[in-house]
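Beneath this line is the structure, given in structure tokens, with notes to follow.
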Amino acid sequence: MPHRILLTRQIHPDAMDALARLGSVRLWPEPRPIPPNVLLAWIREADACLSMLTDRIDGKVLEAGAANLRIVSNMAVGFDNIDVSSASQKNILVTNTPDVLTEATAELTWALMLTTARRVISARESLLRGEWGDWAPDGFLGTELWGKTLGIVGWGRIGEAVARRASAFGMRVIVLENKSRGSKTDTLPLPEFLAQADVISLHVPLTPATRKMVDASWFQRMKPSAFVINTARGPVIDSAALLDALNAGHLAGAALDVFEQEPLPGDDPLATHPRVLATPHIGSATAETRRAMALRAVENIAAALSGRRPPDLVEPRGGGTA
Ligand code: DGY
């Protein structure tokens, strides 16, 4: 019998072709996430599952698949949507797609940083409203990044890639002390880090240790002129505390690509806040990267189905960097 592969979303055609060469593919064809009840039913008859970060692969889903399922291959570097401990208890492999999205995510981080610091969105919206009168010496004054300090939280691949671009923008880089990995740049403990950073950019995975890590106590100690950029995972920030801090003037602004609840409704207070730039989880959204992620996810399935160790095997984790 050919291998049975569950694919929860249409992916790049090259990856669809590669997957079809591995076995018979059952595709959820709609342009929205597979409903949980369909996932639960279809996983029973799958030897492999190529999942998205929007699919919740919890203990119940893994239990349903346990008789046949050999691998859950997530098309994302993050895998907080999967109960990895439960998978490993059932001998189901879990893989992610690291490396291939590093540069795309770093580029989006810089896009958000520059757009926020220079108030590009407000300026454009004002122009579209027909409000462009005379040039004004104090019109749309932003913050210059040149000469400022960029604080990186999470010195993994993406944090490093963001930091690598900083010298081109004349920024000094500091890194929040992280005992799990070294860095060549200045590593500071939290109080000094928060006191010095002009822009704080988050690059940690979502784990029990990082959930709501950025809370009211952080905002109270940041520079009131600081910006926070989040291209990691939404629940790393306590969003109620972020809104309070923005309204109390504890920080200048935030640019967020990820949220505690996704999708974020357009009328959510974070989406509409005048000092928040919100984008819909597009960190890895380049044509090149999404193709590479899809191919990498297929590669992991190919390895597992042929009895080899998949290149991107992940372990249950309690901390670390993306
Ligand atoms: C990931 O891969 O975890 C990213 O969030 C996708 O953009």
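One-based numbering, in listed order, for ligands and for the atoms of each.
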Does the side chain to side chain contact (heavy atoms under 4.5 Å, CB included) test come out yes or no for I237 and F259, once each step is laid out?
CA-CA 8 Å; I237 299 184; F259 300 88; over 6 Å; no
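The aromatic rings of W218 and F193 stand perpendicular to each other, their planes meeting at an angle above 60°, with 30° marking the opposite boundary.
L128 belongs to a hydrophobic cluster with L127, W132, counting contacts under 4.5 Å between side-chain heavy atoms of Ile, Leu, Val, Met, Phe, Trp and Tyr, direct or through other members. Residue I82 shares its hydrophobic cluster (ILVMFWY side chains chained together at separations under 4.5 Å) with L6, W28, I34, V38, L39, L40, W42, I43, I57, V61, L62, L69, V72, F79, V84, I92, V94, V314.
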Under 3.5 Å, which donor-acceptor pairs do the side chains of residues 238-246 form with other protein atoms, sequence neighbours left out?
residue : atom : partner : partner atom : Å
D238    : OD1  : A240    : N            : 3.2
D238    : OD1  : A241    : N            : 3.2
S239    : OG   : E260    : OE2          : 2.3

Could you go through ligand 1 and list every pair where one of its N or O atoms sits under 3.5 Å from a protein N or O, giving the atom names and the distance to one decimal?
residue  : atom  : partner : partner atom : Å
ligand 1 : 2 (O) : V77     : N            : 2.7
ligand 1 : 3 (O) : V77     : N            : 3.4
ligand 1 : 3 (O) : G78     : N            : 2.9
ligand 1 : 3 (O) : R233    : NH1          : 3.4
ligand 1 : 3 (O) : R233    : NH2          : 2.7
ligand 1 : 5 (O) : R233    : NH1          : 2.7
ligand 1 : 5 (O) : H281    : NE2          : 2.7
ligand 1 : 7 (O) : S284    : OG           : 2.8

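Between R172 and D186, at least one side-chain N (NZ, or NE/NH1/NH2) sits under 4.0 Å from a carboxylate O, which counts as a salt bridge.
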